[in-house]
Colleague: 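Attaching a single structure in C-alpha cells format; questions to follow.
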Amino acid sequence: MSVAPADTSPERVSLLASHRTAARFLKNPSGLISGVLLLIVIVLSVGAPLFTHLGPNTPDLSALLAPPSAAHPFGTSPLGMDLFSQVLYAGRISLAIGAISAIIAGVIGALLGLIAGYYGGVVDTVIMRLVDTALSVPLLLIILVLVVMLGSSLSVVIGLIGLSGWMYPARIVRSQTLLEKELPYVEAARAIGCGGLTIMWRHIFPNIIGSLIVNVTIFVGQAVLMESAMSFLGAGLEPPNVSLGYLLNQSQSYLSSAPWLSIFPGLFIFLIVVGTNMFGDALRDALNPEITG
Amino acid sequence: MGLLGYVIRRVGMSIPTLLLISILVFLLVHVMPGGPLAMYAHQPNITPAQLKVIAHQLGIDRPLPEQYVTWLGNMLSGHFGYSFTYGVRVVDLIGERMPPTLLLMGLSFVIAVVTSITIGTISAVYHHTWIDRLLSGLSYVGLGLPSFWLGLILIEIFGVHLGWLPISGMGSGSFTSVVAHLVMPVITLAVLFVAQEARYVRSSMVDVLGRRFIVTARAKGLTNGATVIRHGLRNGLIPVVTVLAMDAATLFGGAVITESIFSWPGIGRLFLGAVLQGDYPIMLALITLLSGLIVLANIAADVLYAVIDPRVHYA
C-alpha cells in the first residue's frame with residue numbers, strides 16, 4: 001500500500017487557506033446573516049423580471065396610490081405603478097452604481113497604494129499628500145457641484161462616486177505593501193530578476209487583496225447611500241435611470257397620505273448598507289483570525 | 001517651547017494640502033460651463049465685445065498661473081465675489097447663514113461624541129455579552145439608515161402624527177422655540193456619526209481594557225468604574241480623537257441633507273440652493289471655506305493628540 005504524497009503545491013495551499021477563511025466566515029453569525037441578506041437583495045434586484053410580471057413603468061389605473069395589497073405587495077405610486085417592481089428595478093440601478101463605483105475606487109486606490117508603498121520616497125510623499133488633500137475637502141459638496149456641471153448621467157454619477165472613495169483603499173494597500181515588501185519572498189523575487197511591476201502585481205498584490213476586498217465591500221454600501229443622498233437632494237440620476245434615492249425623493253409629498261412610498265425604498269437601501277457593512281466586517285474577522293474585535 | 005514648535009510645524013505641513021485644495025477649486029471655476037464669465041454671459045443684453053471688455057477687466061485674458069495667484073489673494077482676503085441669484089456679496093450671505101449651521105453642527109457633534117463614547121465604552125466593558133451584541137447591532141442600524149430617510153420618518157411621527165415638534169425652520173428666536181426646532185435636525189445629523197464613532201471607541205477600548213495595566217489597577221483594589229474611567233478611557237480615547245476630528249468633515253455633507261429636510265436656514269441649504277441655481281460664486285466660496293475648516297480641525301486634532309498623550313514627542 002502506498003500513501004499518496006501530501007499535495008503541497010501553492011495552489012493547493014491557497015485553496016486550503018481560502019476554505020478555512022470561508023469556514024470562519026460562515027461560523028460567524030453576522031457573516032452568515034449578512035451573506036443571506038445580501039444574497040436576497042441581489043437576487044431580487046438582478047432577477048427583477050422573475051419576481052414581478054409588472055414593469056416598473058406600467059400603470060395600474062384601477063389602483064392609484066393604493067396601499068400594500070396582494071396584487072401590489074408594496075402598494076402603488078400616484079400614477080399607479082407597482083412599487084414592488086419599481087423598488088426591485090431601482091435596486092438594480094443602485095446596486096450597479098454601488099458595485100461599479102466601488103471597483104473604480106478600489107482599482108485607483110490599489111494602484112496608488114502599491115506604487116506609494118513599494119517605491120516610497122518622493123513618490124510616496126506626493127501620493128499621500130494627494131490622499132490628505134482629498135480627505136480634507138467636503139466631498140458630497142464637490143460631487144454636487146460637478147454633477148451640475150457635467151450633467152447627471154449614469155456614467156458621471158458612477159465616476160464621481162468612484163473617484164470619491166479611493167483614499168481609504170490607497171492608505172490600506174500602502175500600509176500593507178510597506179509590511180510585505182520587507183518579507184523574504186519579495187527579496188527572493190528580486191533576486192531571480194523580477195521587475196518592480198511584476199513584484200507588485202504578481203507577488204505583493206495577491207497577499208494584500210483581502211483587506212482591499214473588505215474595504216471595497218463596505219464602500220459598495222456607502223456608494224449606494226451617497227447616490228441616494230444625491231438623488232434625494234435633486235442632483236442625482238433622473239428617469240429613465242430610477243434609483244432608490246429617486247424613489248425616496250418622489251415620496252416626500254406623500255409622507256402622510258402614502259407612507260409606503262418612503263418606507264419600502266428606504267428599507268431596501270437600509271438592507272443593502274447594513275448587509276455590506278456586516279459582510280465586510282465579518283470578512284475582515286475571517287481573514288485575520290488573530291484579531292477578535 | 002516643544003508644543004509651540006510642534007504647532008508651527010504642523011501648520012506648515014498643512015500648507016501643501018491647502019495649496020492643492022485651492023488649485024482644485026480654481027480649476028473647478030475654469031472647467032465650469034462658460035468659465036468665470038458665465039455670470040455675465042447669463043445676462044440678455046450683453047454683446048461679445050462687452051464680454052471681452054469684462055474679461056479684460058477681470059483679468060481673465062491673462063495667463064492661468066497669474067490668474068491663480070490673483071484669485072488666491074482674493075480668497076485669502078475674503079473677496080468671494082457676488083452671488084448670481086441674490087446679487088449681494090457672497091461673504092455677507094455666508095456670514096448670515098453660518099451661525100445656524102455652527103449651532104446645529106456644534107450641538108450635534110457634542111451630543112454625538114458624548115453618546116458614542118458612552119455606547120462604545122459600555123460595549124467594550126461588556127465585551128462579548130448580549131449588551132455588547134445589542135449595541136453593536138444598533139450601530140449597524142445607525143450606519144444603514146439613510147439620514148434623509150430617518151429625517152422624513154421623524155417628521156412623519158413626531159411632527160405630523162403626534163404633533164410634538166416643529167418640522168421646519170429655526171423658530172421664533174426664543175430659547176425654547178429654537179431648542180424645539182433643533183431636536184429633530186440634531187438627531188438626524190448625529191445618528192450616523194454616533195454609529196460610526198461608537199465602533200471606533202469600542203474597538204479602541206476593547207484593546208486597552210485587555211492590557212496589563214488594567215489588570216494591575218484592578219489588582220490594587222480599584223473599583224471597576226474607576227478602572228474603566230481613569231485608566232481605560234484616558235488611554236482608549238487617544239486614538240479616537242484623531243478619528244473624531246477627521247470625521248467631523250462628513251458632518252458638512254450631512255448638514256446639506258439635514259438642513260434641506262428641515263428647512264434650517266444655514267450654509268447647507270444656501271449651498272444646495274446655489275447648486276440647483278448654478279450660483280458658482282457661492283458654491284466655490286463655501287467649498288474653499290469648508291476645506292479650510294476641515295484642515296484646521298485636523299491640525300487641532302493632532303495638537304490635541306500631542307497634548308493628551310504625554311508619550312508623544314513633538315517630532
Side-chain angles (χ1 to χ4, degrees), chain A residues 29-30 33-34 125-126 129-150 218 221-222 224-226 228-235 244-245 248-249 251-252 255-256 259 262-263 265-267 269-278 281 291-293, chain B residues 13-14 16-21 24-25 28 31-33 128 133 136-137 140-141 143-150 152-153 155-156 160-161 192 199 202-203 206-207 246 249-250 252-254 256-257 260-261 268 271-272 274-276 278 280 283-284 286-287 290-295 297-298:
Chain A
S30 62
I33 295 172
S34 63
T125 312
V126 169
R129 264 299 120 74
L130 273 176
V131 170
D132 291 345
T133 307
L135 287 173
S136 304
V137 293
L139 280 172
L140 181 65
L141 276 65
I142 290 189
I143 289 180
L144 291 176
V145 172
L146 286 172
V147 165
V148 170
M149 285 177 184
L150 306 171
I218 293 175
Q222 287 172 343
V224 168
L225 215 47
M226 190 177 269
S228 310
M230 288 159 66
S231 286
F232 179 78
L233 295 172
L244 293 167
L248 274 178
N249 176 307
S251 77
Q252 280 181 89
L255 214 49
S256 303
S262 51
I263 290 175
L267 203 63
I269 297 177
F270 176 74
L271 291 180
I272 294 175
V273 182
V274 172
T276 49
N277 266 299
M278 281 174 75
D281 288 349
I291 303 169
T292 45
Chain B
M13 267 168 63
S14 63
T17 308
L18 281 170
L19 279 177
L20 259 173
I21 294 172
L24 188 92
V25 177
L28 268 183
V31 296
M32 75 189 186
H128 283 327
R133 274 187 214 109
S136 298
Y140 278 118
V141 172
L143 276 182
L145 276 182
S147 56
F148 47 92
W149 192 51
L150 175 67
L152 290 179
I153 288 177
I155 289 183
E156 173 62 19
V160 180
H161 269 292
L192 179 65
R199 286 150 53 93
R202 174 182 175 275
S203 66
V206 165
D207 181 38
M246 285 210 61
T250 60
F252 284 116
V256 176
I257 298 167
S260 102
I261 302 172
F271 183 84
L272 190 64
V275 166
L276 300 178
Y280 293 111
M283 291 186 236
L284 297 174
L286 278 176
I287 289 178
L290 297 184
S291 308
L293 283 179
I294 295 169
V295 171
N298 288 343

Colleague: Please classify the contact of A/L135 with chain B as side chain, backbone, both or neither, using a heavy-atom distance under 4.5 Å.
Modeller: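 Contact with chain B is through both the backbone and side chain of A/L135.
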Colleague: Does a side-chain heavy-atom distance below 4.5 Å link B/L192 with B/L145?
Modeller: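 No; the side chains remain at least 4.5 Å from each other.
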Colleague: Quick one: of B/V256, B/L290, B/V275, who has the most non-hydrogen atom pairs under 4.5 Å with chain A?
Modeller: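 Result: the option with the highest number of such pairs is B/V275.
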Colleague: Which answer fits B/F271, side chain, backbone, both or neither, if we ask what part of it has an atom under 4.5 Å from a heavy atom of chain A?
Modeller: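 Interface part for B/F271: side chain.
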Colleague: For chain B, which of A/D132, A/I263, A/L139 has the most heavy-atom pairs under 4.5 Å?
Modeller: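 Heavy-atom pairs under 4.5 Å are most numerous for A/I263.
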Colleague: Let's test your reading of the structure: which of A/L144, A/L233, A/V273 forms the most heavy-atom pairs below 4.5 Å with chain B?
Modeller: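 Looking at each option in turn, the highest pair count goes to A/L233.
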Colleague: Find the one option among A/D281, A/I269, A/T276 whose heavy-atom pairs under 4.5 Å with chain B are most numerous.
Modeller: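 Option with the top pair count is A/D281.
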Colleague: If you apply the rule side chain to side chain contact (heavy atoms under 4.5 Å, CB included), what do you find for B/L20 with B/L24, and how did you get there?
Modeller: CA-CA 6 Å; B/L20 259 173; B/L24 188 92; over 6 Å; no
Colleague: Taking C-beta and beyond as the side chain, do B/F252 and A/L140 meet within less than 4.5 Å on heavy atoms?
Modeller: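 No, too far: nothing below the 4.5 Å cut-off.
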Colleague: Taking B/S136 for the side chain and B/R133 for the main chain, is one N or O donor matched with an acceptor at less than 3.5 Å?
Modeller: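 A pair under 3.5 Å: no.
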Colleague: Go through the atoms of B/I153 and report whether side chain, backbone, both or neither lie under 4.5 Å from a heavy atom of chain A.
Modeller: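 Neither; nothing under 4.5 Å.
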Colleague: Using the side chain to side chain contact (heavy atoms under 4.5 Å, CB included) criterion, which residues pair with B/I21? Sequence neighbours excluded.
Modeller: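 For B/I21 the side chain to side chain contact (heavy atoms under 4.5 Å, CB included) partners, ignoring immediate neighbours, are A/T133, A/S136, A/V137, B/T17, B/V25, B/S291, B/V295.
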Colleague: Parallel, tilted or perpendicular for A/F232 and B/F148, by the 30°/60° rule?
Modeller: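 The arrangement is parallel - the two ring planes meet at less than 30°.
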Colleague: Side chain of A/N249, backbone of A/G245: donor and acceptor closer than 3.5 Å?
Modeller: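 Answer holds: no.
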Colleague: Determine the option with the most heavy-atom pairs under 4.5 angstrom with chain A, choosing from B/L150, B/I257, B/L152, B/L143.
Modeller: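 The option with the most such pairs is B/L152.
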Colleague: For each of A/I272, A/L271, A/V145, tally heavy-atom pairs with chain B at distances under 4.5 Å, and name the one with the top tally.
Modeller: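 The option with the most such pairs is A/V145.
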Colleague: If I measure from the heavy atoms of chain B, does A/L267 come under 4.5 Å with its side chain, its backbone, both, or neither?
Modeller: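 For A/L267, heavy atoms of backbone and side chain both lie under 4.5 Å from chain B.
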